[in-house]
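Just so it is clear, the model here is predicted, and its values are computed rather than measured. First the proteins, then the strands, lettered A, B, ... as listed; each starts at 1.
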Amino acid sequence: MPVITLSTDFGAVDEYVGAMKGVILTIYPSVAIVDITHELPAHDVRYAAHALAGFYRFFPRDTVHVVVVDPGVGTDRRILALETDVHTFIAPDNGVLTAVMEREPVRRIVSVENPAYFQETVSQTFHGRDVFSPVAAWVSKGVDIARIGPAVEAGETVRLSMPKPRKIDDRTLTGTVTMVDRFGNLTTDIDADALADFLGATRPENVSAAIKGRRIHGLSNTYASAGTDEPLMIVGSRDYLEIAVNRGSASRHFDAVEGESLSLTLTERSTVP
Amino acid sequence: MPVITLSTDFGAVDEYVGAMKGVILTIYPSVAIVDITHELPAHDVRYAAHALAGFYRFFPRDTVHVVVVDPGVGTDRRILALETDVHTFIAPDNGVLTAVMEREPVRRIVSVENPAYFQETVSQTFHGRDVFSPVAAWVSKGVDIARIGPAVEAGETVRLSMPKPRKIDDRTLTGTVTMVDRFGNLTTDIDADALADFLGATRPENVSAAIKGRRIHGLSNTYASAGTDEPLMIVGSRDYLEIAVNRGSASRHFDAVEGESLSLTLTERSTVP
Amino acid sequence: MPVITLSTDFGAVDEYVGAMKGVILTIYPSVAIVDITHELPAHDVRYAAHALAGFYRFFPRDTVHVVVVDPGVGTDRRILALETDVHTFIAPDNGVLTAVMEREPVRRIVSVENPAYFQETVSQTFHGRDVFSPVAAWVSKGVDIARIGPAVEAGETVRLSMPKPRKIDDRTLTGTVTMVDRFGNLTTDIDADALADFLGATRPENVSAAIKGRRIHGLSNTYASAGTDEPLMIVGSRDYLEIAVNRGSASRHFDAVEGESLSLTLTERSTVP
């Protein structure tokens, strides 16, 4: 069974997502529509980009992922259809696909422009229903994206700035807070691979993080490994190092927001056997 | 794949909607259940009627739409099964089907009364699970609604008052606010067709709206076309003229509620070529 | 079509549930995934246990029910796969399956331990995605639970304390408040069968309840049968006697919480014909 996933900031109260599902099922009755979330923070492209990075790769081959966080609806912003070796993504050209483009080999990108694959009447305020949904249904059904619109070079698309961690020396790695999630956890740009690389044979208890002039000792395995209201660092389920506070908000605790820098230090020399 | 849509005010916290889905799938395992919303404002029949009008027509032929906003559950209010040329609707007889009955050719209506199509035990508090769901599953599976209960004339059903716009003269159209949505937008009874008819060859910038002694000039294409906190008028995704405030609440801005009247004026004579 | 139900406290904002669905569909593309709720109160095992009891039995034979309310994630708490004659349940061993084990004949229970049925990499913070989901998919697909891990005796599992009503004499039954739901209704341990048994031929208007030194007369059929802000007792949709307040909170009204006792009294001798 082919799959289309839906991620939007339309909220769960109104019938907007329902209308999108009707459009999809009318075009392609045997597709499975999977709700990811419709409660993405309104117009928050960065939040949506992180959420997308957190789920897309778990889906079967040929899944079509639709992301509608689209503050530019009604303006002349482009809509992209992006094809990797395994999935297709339909999203506004506003940076929400940045992480996908960094991680996956992009096969083709087109600008969604061919009204033959839109609803007959396209409203000015609801492209989710009138453009994104029918295009996703047609693509899932097998329409080649080359028929949806003209090719776009990856370099011409809108990207979010994505900081990268920097190794200062053998014992020091600096990184940046890329997102504050709704629990106040500080997600950093240090992913699990970069962290493992930096640690080498050093044990997790012998790394410390400095942020806003304060220090956290040791890498935790669970949020509960720190006392209540105590800070900790942990590799989160999205595979990035996070600064968290057990049952609290790290953002408030450290008075830290997106863009804040942090640095990791090995407190004991690694002793490779 | 046959489709049943579910729209309720049961909320997303509890398992009530889950129980409904179990009942449906037990009777008809191969039906696709589509969640529209379960966060409709509690007991707000008018809100539910507008939401229903916003999505039903986008669904495939033979879809069964279930709407459970039912302040009268446990009283002797009727439940209706209503058949149009394309869809069937299962809903309480409380006016929630008013817009459907105004727009669609109604083929048949019955009062849902035959316990052969209910759960074996019917609770007094949860007809969504014990009556609406099994009836929807049986109808989707092909049971003729005539077997569900006795015929009801359209004229005998409960209707919401639905105001209609009135053309005062060639340059003036009056309308009424029919609903305040949760963003504070004022939905009116002037639909896109009536508006186009009134405008004729007049350009969108040459119409103005008066409401509560204030005036809005020109018809907008996007919510963002007015400045922040500035009012605008726009045809919304439900195809009705709305009074909105960019990033704000028109209801608060104009101190206007459901029932408020407004009038449109052409500020320049139309010059048909 | 086989069914997997999902009940979690992950919330609707983030993509966590979406990732679980992707994992399931990758392993078993033709399964129907049914969302029950993802808004269970965080870490509230008792609430989740009541919710589960409210929906599981309405699902078709062979449904796999996944419940992830798991404050112990990352510790050495067990995960159980429990098989009854009709369903399989995948849940942490924290008491959330108590009601199921009391009501259903348990065929087998195993401790979920075989990594062959997990995601290749198992994160420390997200077993919902990396353990519960793949195990559910494999079990739904037909893997015998004996292959998932070693057998566990029912007596070795964690249970919630489940009070039982006590018949003091022919005219008096005592019970206990087992849960305060989010509307402030007080759910008791007196189920519909126990109540019917106690009532015998006595009419519903001739039973009264005493709680916190106050008395409610008569058993209601609908929440609206009491005046606004007036207390009532009613058999709820989960089939237990509830103390409620029409359009209000019984918990606040009676200043009563979980564990509070109540007693029912027949105010008129039953007159069996």
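Residue contact with chain A, scored on non-hydrogen atoms closer than 4.5 Å, is absent for His127(C). Heavy-atom distances place no part of Leu52(A) under 4.5 Å from chain C, backbone and side chain included. For a residue to count as touching a neighbouring chain, one of its non-hydrogen atoms must lie under 4.5 Å from one of that chain's; by this rule Tyr28(C) does not touch chain A. When heavy atoms are compared at a cutoff of 4.5 Å, Asp9(A) does not approach chain C at all.
With respect to the salt-bridge test (charged N to carboxylate O, under 4.0 angstrom), the residues Glu113(C) and Arg78(C) do not qualify.
Between Tyr223(C) and Phe183(C), the ring centre distance reaches or exceeds 6.0 Å. With ring centers used as reference points, His65(C) lies under 6.0 Å from Phe89(C).
Listed by sequence position, the residues of residues 11-22 of chain A in contact with chain C number zero, using a 4.5 angstrom heavy-atom cutoff.
For the set Val3(A), Thr37(A), Ile36(A), the entry with the most heavy-atom pairs within less than 4.5 Å of chain C is Thr37(A). In terms of non-hydrogen atom pairs under 4.5 Å with chain C, the most contact-rich of Arg182(A), Arg57(A), His50(A) is Arg182(A).
Side-chain contact annotation: Thr157(C) with Asp93(C), donor-acceptor N/O pair under 3.5 Å absent. A donor atom on one side chain and an acceptor atom on the other are found under 3.5 Å apart for His38(C) and Thr8(C). Side-chain contact annotation: Gln124(C) with Asn221(A), donor-acceptor N/O pair under 3.5 Å present.
Side-chain contact between Ile109(C) and Met101(C) is present, with at least one heavy-atom pair separated by less than 4.5 Å.
The salt bridge (charged side-chain N to carboxylate O under 4.0 Å, His left out) analysis of residues 137-152 of chain C, with sequence neighbours excluded, yields the pairs Arg108(C)-Asp144(C).
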Next on the checklist: One pair to check against side-chain contact (heavy atoms from CB on, under 4.5 Å): Ile4(A) and Val34(A). What are the steps and the verdict?
Outcome noted: CA-CA 6 Å; Ile4(A) 293 175; Val34(A) 174; over 6 Å; no

